There are 4 protein chains.
Amino acid sequence: MKKKARINPRKLPTQERSKQLVDSLLSATANILVRRGYEGLTTNRVADEAGVSVGSLYQYFPNKESLVEALIRRWSDGLMETIADHYLEVRNESIETAVDTMVRAALDSTRVDAKLHRILTQQIPNVNALPALELFNRRMSERVASWLELHREELEVEDLHLAAEIVVMTLAGLSDYALIQRPELLDSPSFVQHLSRLVLGYLAPTRASQLSASAGKRRRTSKRLAQS
Amino acid sequence: MKKKARINPRKLPTQERSKQLVDSLLSATANILVRRGYEGLTTNRVADEAGVSVGSLYQYFPNKESLVEALIRRWSDGLMETIADHYLEVRNESIETAVDTMVRAALDSTRVDAKLHRILTQQIPNVNALPALELFNRRMSERVASWLELHREELEVEDLHLAAEIVVMTLAGLSDYALIQRPELLDSPSFVQHLSRLVLGYLAPTRASQLSASAGKRRRTSKRLAQS
Amino acid sequence: MKKKARINPRKLPTQERSKQLVDSLLSATANILVRRGYEGLTTNRVADEAGVSVGSLYQYFPNKESLVEALIRRWSDGLMETIADHYLEVRNESIETAVDTMVRAALDSTRVDAKLHRILTQQIPNVNALPALELFNRRMSERVASWLELHREELEVEDLHLAAEIVVMTLAGLSDYALIQRPELLDSPSFVQHLSRLVLGYLAPTRASQLSASAGKRRRTSKRLAQS
Amino acid sequence: MKKKARINPRKLPTQERSKQLVDSLLSATANILVRRGYEGLTTNRVADEAGVSVGSLYQYFPNKESLVEALIRRWSDGLMETIADHYLEVRNESIETAVDTMVRAALDSTRVDAKLHRILTQQIPNVNALPALELFNRRMSERVASWLELHREELEVEDLHLAAEIVVMTLAGLSDYALIQRPELLDSPSFVQHLSRLVLGYLAPTRASQLSASAGKRRRTSKRLAQS
DNA sequence: GATGAATGAGTCTTCATTCAT
DNA sequence: TATGAATGAAGACTCATTCAT
């Protein structure tokens, strides 16, 4: 961490070296998790897959648990970034567009690395996963909350923090459930549409009702009338 | 307890007896799951906790997996009943009331045996839990769908089956997430209210917007005006 | 075994009954041994196959070992009888014919119930099998010895008892080995012929040499000359 | 023994080391087999006896079966060598001498490690032992056959391959049987003599009859006359 | 630092045997 | 006597972790 500096100009200064090692260990962990599930995850296997010795693994991770924790951290950081990108584009769009983007972002984040996602959210003893997931959701909620602030006037909810949490949990919950039990839905346009309406109908039911009204008009006038 | 007494004419010579045994094994499984998590679940421990020998356990369950499966089955059956009760009352109520009841039912089912619920839905290798959970959700969806049929005219969604699935997954996802990450919410009235609005805003945004309009009126007239 | 006598004239007086039970237990044992090998033999399985309860099994056999011992006894008695029959016919035949009969008898006894034979002679922990097998071979030797006595004058061995033992062990050993490693041989006429020559060449080489001489003559005169 | 010394330039860092380990595991297996039989053979016991942990055992042998298989292989290789030595000396001897040597070799190979020999040939579930034993006997037969070729002109059998197999099986069967049921015989000179006559009488009855004739002459003239 | 052989507690599972009914 | 549920010791095998090199 602080040893020889310019004298021994190896390609990989210790710090860099160990970072790579840690990385390949985490990737190996992810691969094995995907291929053989949590029950099939053994430290020896991870070391093997990463091309290092078990000993080295234990140099960087005090135990198996911490290995998984680190992977979860890395993974949720990845998710954050993916989602952050989506959110940046959205700041100035209409609520409808923004909600649509959020929904798509949630589903996308699930789809990418779907199997790993699923294992990490469902199969890992929660003791490990919880803190990281909590952090992830807290950050997401904050982000959504601050976005909601920008549109406060257009929204029909008051407790924006609670609303943000609910939106985040709704989207996370739904994409997880869909991933597990109805993966086809993840790619269905009407699923996306429904989720958008779900969120919009929560945040701004009036706008949502207009939306469905006009949608209905296009298709079934009688229905619209009945509702008016 | 076992010596003959004419009052209790040897009712449980075999069938009843083994049912009790199975029951105590499943309860032991649940207890251990709650106390030590899935990783801490061993067949010997279960037998011990149930006060029987491992051998007896294996007389009734061919392996550890089947033990967990049976527990999941028992648990999801319990849930079904709990929820079924709620739903029966609701058939003829207004949508608003019905949605409210559904929300409360979802949260209730999570709260009862909360820790077990959490472990069963999150921590068990999905291979075991999935079929049972899928069945459970399918049944729930059907039930909700048939309820939606009754109110078709008042709803602003068309694909009632998809809508039912979304409602079920939303409520399940949200209560699970809340249970894990924000258990306080489960007992918060405003959480219940928000969830009701979420669902109502999805199924019938027009009604939801009236609801929030009047709710808003009571509290902040300015807001209502801004929205009109 | 001694209870109620004439009063209760059941079809199967206790003695007969238990004999049948013992019999079906032994047959079950044999079946299982054949189907699943010694490692697959469990007392519960035997009881099941015999259509009785384990408890009953233990009424008649103090433990698993004794069950197998009894089967071995029954089986070797069967062998004895089979072979005895063959021997009776032979008393007054020529040595050549008698030897031939003995050889065929040995091979036959192996072929009948071959799989059981093999398991009983090879796979059973010898502690069990040995005494019975010893007894069997001792009896066989005696029988052969007494037959040899009848032909003492024609034989070129002196220690008839040793010779009898050697003949018995040779035939037993050869048929067992053939059964295990070259079962095709058991049905090959030339194998029978060779074994006959083996035994005859031992007991009466002069007669054997005449036999092979004439056999050779028929086929390759040159050979015979070369040897003369 | 393990600290560096220039004299023994770290010869056994891995390969040699593991070879030793494998060796001590096999020896432990043999010991236990001899002391407690196949039923008493447990992997934990083997590891214990070998002075290593079970874990180490499983580093070298994937399961109990393979351990036994390896032992059988090692043992049959040993036998092969022992016997090979005997055979080399014999190539140019007379048939009588050669047969005598073969007989002694067979008995010797049984005597050495007699108890292990017996367990390995009789008590091990054949699934394990068979392939190795078959290989062993096939090799033996080939060796004997090629020896028979050299003496083809003096022999009175034609199918040398069958003859070789029969000789091998006879000797193996007889020494095994003798070992089990009459171990005293293994050390009796007359047993050796009888076996030699058995084999010689099979391969070359004419020579055998001369042998017994002259042997008889020395002892009992009357007998010889009776036979002429 | 890196290595990977060695460790051994702990898992699931079987099965001979008992004994209350 | 018969039954068969219950027992629990014992066995094969795994894997997180350590430590001598």
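Each chain gets a letter, A, B and so on, in the order the sequences are listed, and its residues count up from 1. As the structure is a computational prediction, the values presented were derived from the model and not from experiment. What you see below is based on every heavy atom in this structure, not just the backbone, and it leaves out hydrogens, waters and symmetry mates.
- Both D:Thr42 and C:Ser53 sit near DNA chain F, but only C:Ser53 has its closest nucleotide nearer the 5' end.
- Rounded to whole Å, the distance from CZ on D:Phe61 to P on F:dA12 is 15 Å.
- We find that C:Glu49 and C:Arg35 are joined by a salt bridge, their nearest charged nitrogen and carboxylate oxygen being less than 4.0 Å apart.
- When the side-chain nitrogen and oxygen atoms of C:Thr43 are compared with OP1 and OP2 of E:dA16, one or more of them lie within a distance under 4.0 Å.
- Pair check for F:dT21 finds E:dA2; Watson-Crick or G-U wobble, both atom distances under 3.5 Å.
- Residue B:Ser56 places at least one side-chain N or O under 4.0 Å from the OP1 or OP2 atom of F:dT7.
- One interatomic measurement links the two molecules: CG of D:Asp48 to P of E:dA6, which rounds to 16 Å at whole-angstrom precision.
- If you run side-chain contact (heavy atoms from CB on, under 4.5 Å) between D:Ile119 and each of D:Asp113, D:Leu41, D:Leu33, only D:Leu33 comes through.
- Between E:dT13, F:dA6, E:dT17, one nucleotide has an atom nearer to the side chain of B:Asn63 than all others, and that is E:dT13.
- Side-chain nitrogen and oxygen atoms of A:Tyr58 include none within less than 4.0 Å of the OP1 or OP2 phosphate oxygen of E:dG4.
- Here the P atom of nucleotide F:dC15 and the CG atom of A:Leu67 are 15 Å apart, to the nearest Å.
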Side chain to side chain contact (heavy atoms under 4.5 Å, CB included) evaluation trace for D:Trp75 with D:Thr121: CA-CA 11 Å; D:Trp75 161 81; D:Thr121 53; 3.7 Å; yes
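- Separating the CZ atom of C:Arg36 from the C1' atom of E:dT14 is a distance of 13 Å, rounded to the nearest angstrom.
- Closest contact between the side chain of D:Arg45 and the listed nucleotides F:dG11, E:dT13, F:dA6 involves F:dG11.
- Picking from F:dA12, E:dT17, E:dT13 the nucleotide with the shortest atom distance to the side chain of D:Asn44 gives F:dA12.
- The distance between atom CD of B:Glu65 and atom P of E:dT11, rounded to the nearest whole Å, is 18 Å.
- Base pairing of E:dT14 is made with F:dA9, judged by Watson-Crick or G-U wobble geometry with both donor-acceptor distances under 3.5 Å.
- In the set F:dG8, E:dT18, E:dA2, the nucleotide with an atom closest to the side chain of A:Gln59 is E:dA2.
- With respect to the salt-bridge test (charged N to carboxylate O, under 4.0 angstrom), the residues B:Arg74 and B:Glu69 do not qualify.
- Residues C:Gly55 and A:Val52 both approach DNA chain E. Their nearest nucleotides, taken by heavy-atom distance, put A:Val52 toward the 5′ side.
- Closest-nucleotide positions on DNA chain F for C:Gly51 and D:Lys64 were compared, and the one nearer the 5' end corresponds to C:Gly51.
- Within the nucleic acid shown, A:Leu41 comes within 4.0 Å of sugar-phosphate atoms alone, with no base atom in reach, counting heavy atoms only.
- Atom P of nucleotide E:dA5 and atom CG of D:Leu25 are separated by 15 Å, given to the nearest angstrom.
- Note: CD (B:Glu39) to C1' (F:dC15) measures 12 Å, nearest angstrom.
- In this structure, CD in A:Glu39 is found 5.0 Å from OH in B:Tyr38, a value given to the nearest 0.5 Å.
- When the P atom of F:dT18 is taken as reference, atom OH of A:Tyr60 falls 17 Å away, rounded to whole Å.
- The residue among A:Leu21 and D:Leu21 whose nearest nucleotide of DNA chain E is located toward the 5' end is A:Leu21.
- Remark: the A:Ser53 side chain and the A:Ser56 side chain contain an N/O donor-acceptor pair separated by less than 3.5 Å.
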